[in-house]
Protein chains: 2
Amino acid sequence: MDKKQLTIKEIASMAGVSVSTVSRVLNNKAHVNPAKRKKIQAIIDQSGFQPSMIARGMVYQRTNTLGVVVSDITNPYFTALVSNIEAVAEDFGFSLLLFNTMTAGHTHQKDTVQIEITAFRNLQEKKVDGVLILGGEIDQATPDPHYITALEQMAHHLPVVIVAQPVKGVDCEFVPRYQQMSAEMITEHLLASGYKNIAFLGGQPDITITNERLSGYRKMMTTYADYSAKNVLLSDYYVEDGYQGMRHFIDTQQVPEAIVAINDQVALGAIRALNDHQLSCPDDVAIGSCDAFPNGNYFTPRLTTIDHHNEDLANIAVNKLLTATGQEKIPPIPTPALPTLIIRESSGHPLKKKKE
Amino acid sequence: MDKKQLTIKEIASMAGVSVSTVSRVLNNKAHVNPAKRKKIQAIIDQSGFQPSMIARGMVYQRTNTLGVVVSDITNPYFTALVSNIEAVAEDFGFSLLLFNTMTAGHTHQKDTVQIEITAFRNLQEKKVDGVLILGGEIDQATPDPHYITALEQMAHHLPVVIVAQPVKGVDCEFVPRYQQMSAEMITEHLLASGYKNIAFLGGQPDITITNERLSGYRKMMTTYADYSAKNVLLSDYYVEDGYQGMRHFIDTQQVPEAIVAINDQVALGAIRALNDHQLSCPDDVAIGSCDAFPNGNYFTPRLTTIDHHNEDLANIAVNKLLTATGQEKIPPIPTPALPTLIIRESSGHPLKKKKE
DNA sequence: GTTGGTAATGGAAACGGTTCCCGATAATTA
DNA sequence: TAATTATCGGGAACCGTTTCCATTACCAAC
């Protein structure tokens, strides 16, 4: 807290050599007398000298830092993603500069667009080597034009990888996920289990994820049962949204046989609402959801859900980003794994229709 | 991705002035002709020039970046903390450099000490203005000596704030939490509800948090009931640990009347284990826990738990850190709020003894 | 004994900004 | 009109590191 950091210059004078020589030993470059090298190395070691990465950054024009802009790190889906990304990045010697754009107090829409845009600006100023975007305005069906211009301006200067469905006209790398497919899978599973009257619950309207999943649901419903807009109840991605949504179904006497929940949190909220009205999942209402949050296997009932294979996503995203930065050979970018269905209790037993 | 970033030099030549003049308008310094200032500003704006913070860092010797070393960002407790910290830091114009030291795949103990130490090194090299430590080796009852020396060496060069119980001999700022008190509160609540045979479940042995909470539990038990070591079952902080722990109680026919769980995840696991054996919480076993994870209010049963007021913690931690960096006046550091008991369903109804 | 090649070393420029210092011009005052 | 003072703008040093280049010394071969 007091003693200032040493500089290469001081090391040089301690060792009685020039700065260039010290630099050569720091970087294992040739052309330095073995004896001298050993001596200098010793001085470095026991003085605890650490070269300034920011000075290095000046000359190399790279910081070995990746920017991560995440909409809500509190969402288990993103938490897992960030955690995996951090692990992969660290493997390649990169650190993460983290920006969380939805303020902690869950102050939705407190001009998150502006927050994201200033995050972009910060990242450029701090000269990160690349940026990863997870959720946020990019997921809007029609993102704010200011956002798009800010994004493109940034993407013009440094590599940007976005974990989201591609947005037309935005020139970045996208890591798509099989949103529609996962909704199809979960809906199909419920249909195959004998449920007909299946509702769709949760998700903010006009968000790409919602739209994709909804259309997967819709596709399956129209082909194998009946699709009705009355069975679709959107709101948001949080547990309270599932709770309120389910309550609405109950209050309006429109309780469906089964529900496709936009994610595990919403499913949890819905289940709790059922319990509060002496209804049971899966006996009264079966539920299937997406996103495979870590605790879902311990809920009562255990959640039937879709695993999106986050680790793969993280791998792909970071690898894409690093190759875009022109990194030395990165292991080949893995192809994304398809979502897999995890059948547990909340959807009832296959082919065992709900009790009448 | 292609066009290189502009430099102040280029702006200067575009505007036909010297670099110093551009710098003056960038920093709102005096001694530049208003007309010229306006013109230069215009060029800056429409060229999208952004001064390099790393070059600035060189001269100012500060980066406006805070390092965060967190043991497991996947743990909801830490997630919430990081999220809050990010919000506070951003308010003061700081970004976060994030290091997650327990690798994503939950590879416990894969030499996390070494990972933490290299994180320290990275942070120093990257010249962050201060470091925040959340969990990890520092929580060990007897931390690895290598870790301690690395920590002290770092703390010698830059401000470090640790969200943990103070460790003797380590010269850093600590933000203590009322771990013992919270365990006392939850135990007291169970005792007041009429339970006598109360077990303690979860938490890694030899971790400060575990020890503190355990001693709170022990204190209340010895004074108001009977303390027996057989009622203490430690393991870890995850949901599976709660599950296995509860199973052990069941398998060995030592099912207690009530349980103090180390956190909400463990509580969830325990509840699920009960359900799997046709036992109910709270009817057969009441459960109280700590940490107030966001979803606890939607579990079945809703979790009785302790709120540690994370937002306050984040505020205190960041404020302490920023004042330590010698920041311009920071709002006074708030005094930590005491933990509060949240009574919900899992502990049964107060004064209503468990059914026989 | 001159030449040539190579290893070891130091000096200096460069990276992109900020800031101090100083000279030049314009404005004010004697 | 001359002297003094503000105001403005340019040059240069500096932050910590790398790298290019020049210098010296050494050794071998002709």
Side-chain angles (χ1 to χ4, degrees), chain A residues 3-41 43-44 47-65 121-122 124-129 157-158, chain B residues 3-41 43-44 47-65 121-122 124-129 157-158:
Chain A
K3 193 165 144 203
K4 102 181 244 307
Q5 289 274 39
L6 294 160
T7 74
I8 196 177
K9 215 168 295 180
E10 307 178 89
I11 300 291
S13 78
M14 284 186 214
V17 298
S18 81
V19 168
S20 357
T21 307
V22 178
S23 175
R24 275 186 281 260
V25 354
L26 279 176
N27 299 282
N28 272 313
K29 292 275 173 79
H31 300 304
V32 31
N33 182 307
K36 205 173 271 191
R37 158 168 278 144
K38 180 160 279 180
K39 177 183 158 201
I40 295 175
Q41 187 62 55
I43 295 184
I44 291 174
S47 72
F49 165 71
Q50 290 172 315
S52 159
M53 283 307 167
I54 100 152
R56 269 195 185 160
M58 285 256 48
V59 8
Y60 288 144
Q61 301 282 44
R62 66 197 327 288
T63 53
N64 273 35
T65 302
R121 163 168 275 267
N122 275 320
Q124 286 174 268
E125 290 179 340
K126 296 242 166 107
K127 298 275 179 277
V128 297
D129 298 330
H157 293 304
L158 42 81
Chain B
K3 195 166 143 202
K4 100 181 245 305
Q5 288 275 37
L6 294 159
T7 75
I8 196 176
K9 214 168 293 180
E10 306 179 269
I11 299 290
S13 78
M14 284 187 214
V17 299
S18 81
V19 168
S20 3
T21 307
V22 177
S23 175
R24 275 188 281 262
V25 352
L26 279 175
N27 299 282
N28 273 313
K29 292 275 173 78
H31 301 305
V32 34
N33 183 306
K36 205 174 271 192
R37 158 167 276 142
K38 180 159 281 178
K39 176 182 160 202
I40 296 174
Q41 187 62 56
I43 295 184
I44 291 174
S47 72
F49 165 71
Q50 289 172 317
S52 158
M53 282 307 167
I54 100 152
R56 267 193 186 162
M58 285 257 48
V59 8
Y60 288 143
Q61 301 283 44
R62 67 197 325 289
T63 52
N64 273 35
T65 302
R121 164 169 272 269
N122 274 321
Q124 286 174 266
E125 290 178 340
K126 295 242 166 109
K127 297 275 180 280
V128 297
D129 299 330
H157 293 305
L158 43 80

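Note that the structure is predicted; figures quoted are calculated from it, not measured. Below, chains carry the letters A, B, ... as their sequence lines are ordered, and counting in each starts from 1.
For A:S18, a side-chain nitrogen or oxygen approaches OP1 or OP2 of C:dG10 to under 4.0 Å. Between A:T21 and C:dG10 there is a side-chain N or O to OP1 or OP2 distance below 4.0 Å. Remark: A:K29 is in phosphate contact with D:dT19, judged by side-chain N or O atoms under 4.0 Å from OP1 or OP2. Checking the phosphate oxygens (OP1, OP2) of D:dG9, no side-chain nitrogen or oxygen of B:S20 falls inside 4.0 Å. Phosphate contact (OP1/OP2 of C:dG17, side-chain N/O of B:R56, threshold under 4.0 Å): absent. Not one side-chain nitrogen or oxygen of A:S52 sits closer than 4.0 Å to the OP1 or OP2 atom of D:dG16. B:N33 has no side-chain polar atom (N or O) that falls below the 4.0 Å cut-off from OP1 or OP2 of D:dT7. Taking 4.0 angstrom as the limit, B:K36 places a side-chain polar atom (N or O) nearer than this to OP1 or OP2 of D:dG9. Between A:Q50 and the phosphate of D:dG16, there is no side-chain N or O to OP1/OP2 separation shorter than 4.0 Å.
Projected onto DNA chain D by closest heavy-atom contact, B:V17 and A:A55 fall at different nucleotides, the more 5' of which corresponds to B:V17. Nearest-nucleotide positions on DNA chain C place B:M58 closer to the 5' end than the other of B:M58 and B:R24.
Taking every side-chain heavy atom of B:F49 into account, C:dG17 is the closest of C:dG17, C:dA8, D:dT18. Residue B:Y60 places its side chain closer to C:dT19 than to any other of C:dT9, C:dT19, D:dG16. Side chain of A:Q61, nearest nucleotide from C:dG16, D:dT18, D:dT7: C:dG16. Listed nucleotides: C:dT9, D:dT19, C:dG17. Nearest to the side chain of B:V59: C:dG17. Set against C:dC15, D:dT17, C:dG17, the side chain of A:V19 has D:dT17 as its closest nucleotide.
Between the NZ atom of B:K126 and the P atom of D:dT17 there is a distance of 15 Å, given to the nearest Å. For B:H31 and D:dG10, the NE2 to C1' distance is 14 Å, given to the nearest whole Å. Across the protein-nucleic acid pair, A:K9 atom NZ and D:dC15 atom C1' stand 8 Å apart, rounded to whole Å.
Here the rule is side chain to side chain contact (heavy atoms under 4.5 Å, CB included) with B:V25, and of B:K38, B:Q41, B:K39 only B:Q41 fits it.
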